[in-house]
Amino acid sequence: MPSIQACLFDLDGVIVDTARFHYIAWRKVANDLGFDLSLGQNELLKGISRMESLDIILSIGGVVLSEEEKIRRATEKNAHYLELCQQMTPDDTLPGVRVFLDELKAKDIKIGLGSASKNARIILVRIDMLKYFETIVDGNRITRGKPDPQVFLMGAEDLLTAPEHCVVFEDAVAGIESAKSAGMFAVGIGHKSILTEADIVVAGFDEFRVADLLVAFGE
Ligand code: BG6
Ligand code: MG
């Protein structure tokens, strides 16, 4: 029976609630193009890279843009997003996350980040969480986004850990698929009805401790 040697965390929606800022910034892009973006449609963008998210939004609005115009809109969106993120403080770290990471450290379980975001480091610095991560695999390093397993396989390799000894924490359907294709145990953060492929689903870290993870993993 494999034991847990490393935990790989998604950032947005797992460590910190940035989804609301992504939504405000993407909604402005949609509004500027003459249509609206609902919260339900925003779900489709979770875990998906910036340019792929823009493609999904454009298809929702039935809008076609040149490559140049797409880059301009995505750059504008990112500037707006980062401006919104300036309001963030360490208090925006999701409930229970710090305690959970402290417990992992106490048990010598390695910690890595596996995020599609190119802003991962900036956000971790803002919420004062950079120090927890032994490796960061982000949107600047990967060539294939979630649901491809690359992001988590790179993290496992950085931490010198075989996939069967890794646990992934994810709030996005694409991220759970990525973890499962990497051969890892996947903990969904959110709702069972959405994260159907996860090994277990929890609402968040405020009522989930490392001891619960070990039981779920079969240790
Ligand atoms: C993911 C988010 O973590 O990162 C997506 O869930 C986002 O919503 C993606 O589009 C890319 O983020 P960024 O910060 O590089 O635009
Ligand atoms: Mg996420």
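Atoms within a ligand are numbered from 1 in the order they appear, just like the ligands themselves. In this text the structure is predicted, and so the values were computed from the model without any measurement. Any value given below was found using the heavy atoms of this structure, including those in side chains, with hydrogens, waters and symmetry copies removed.
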Practice prompt. Look only at the side chain of Asp148 and the backbone of Gly145, and say whether a donor-acceptor pair between them is shorter than 3.5 Å.
Written response: no

Worksheet entry | Check: Lys46 N/O within less than 3.5 Å of ligand 1 N/O | no

Item to complete: Specify the protein heavy atom at minimum distance from atom 9 (C) of ligand 1: its residue, its atom name, and the distance to 0.1 Å.
Response: Ile48 O, 3.2 Å

Practice prompt. Taking only heavy atoms of Leu45 into account, list the atoms of ligand 1 that are under 4.0 Å away from them.
Written response: 5 (C), 8 (O)

Discussion item. Under 4.0 Å, heavy-atom basis, I'd like to know which part of Thr18 is in contact with ligand 1: side chain, backbone, both or neither.
Written reply: neither

Response to the item:
For Arg50, the ligand 1 atoms with a heavy-atom partner under 4.0 Å come out as 11 (C), 13 (P), 15 (O), 16 (O)

Worksheet item: For the residue pair Phe9 and Tyr132, is the inter-centroid distance of their aromatic rings smaller than 6.0 Å?
Response: no

Worksheet item: Closest to the Mg ion (ligand 2), which N/O/S atom of Asp12 is it?
Response: O

Fill in: Atom pair CG/CD1 of Leu11 and Ile123 - distance to nearest 0.5 Å
6.5 Å

Worksheet item: Judged by atom type as modelled, is there a donor-acceptor pair below 3.5 Å linking the side chain of Thr196 to the main-chain atoms of Ser193?
Response: no

Worksheet item: Which ligand 1 atoms does Gly47 reach within 4.0 Å, using its non-hydrogen atoms?
Response: 2 (C), 5 (C), 6 (O)

Item to complete: Within a distance under 4.0 Å of any heavy atom of Lys118, pick out the atoms of ligand 1 and give their elements.
Response: 13 (P), 14 (O), 15 (O)

Worksheet entry | N/O separation below 3.5 Å, Asp12 to ligand 1 | yes

Worksheet item: Of the listed options (Ala120, Gly175, Ser117), which comes nearest to atom 13 (P) of ligand 1 when hydrogens are ignored and any heavy atom counts?
Response: Ser117

Worksheet item: Is Lys77 positioned over the aromatic face of Tyr81, cation under 6.0 angstrom from the ring centre and no more than 45 degrees off axis?
Response: yes

Item to complete: Please determine, by modelled atom types, if Asp12 and Thr18 share a side-chain donor-acceptor pair under 3.5 angstrom.
Response: yes

Response to the item:
Numbered in order shown, the ligand 1 atoms found under 4.0 Å of a heavy atom of Ser53 are 10 (O)

Worksheet item: Under a 4.5 Å cut-off applied to non-hydrogen side-chain atoms, are Gln41 and Ile57 in contact?
Response: no

Fill in: Straight-line distance of Asp55 CG to Arg50 CZ, nearest 0.5 Å
13.5 Å

Item to complete: Identify the residue among Arg20, Arg126, Arg98 that makes a salt bridge (Lys or Arg N to Asp or Glu O under 4.0 Å) with Asp92.
Response: Arg20

Item to complete: Please indicate whether any nitrogen or oxygen in Asp10 is less than 3.5 Å from any nitrogen or oxygen in ligand 1.
Response: no

Worksheet item: Which angle, to the nearest 10 degrees, do you find at the Mg ion (ligand 2) between OD2 in Asp10 and OD1 in Asp171?
Response: 90°

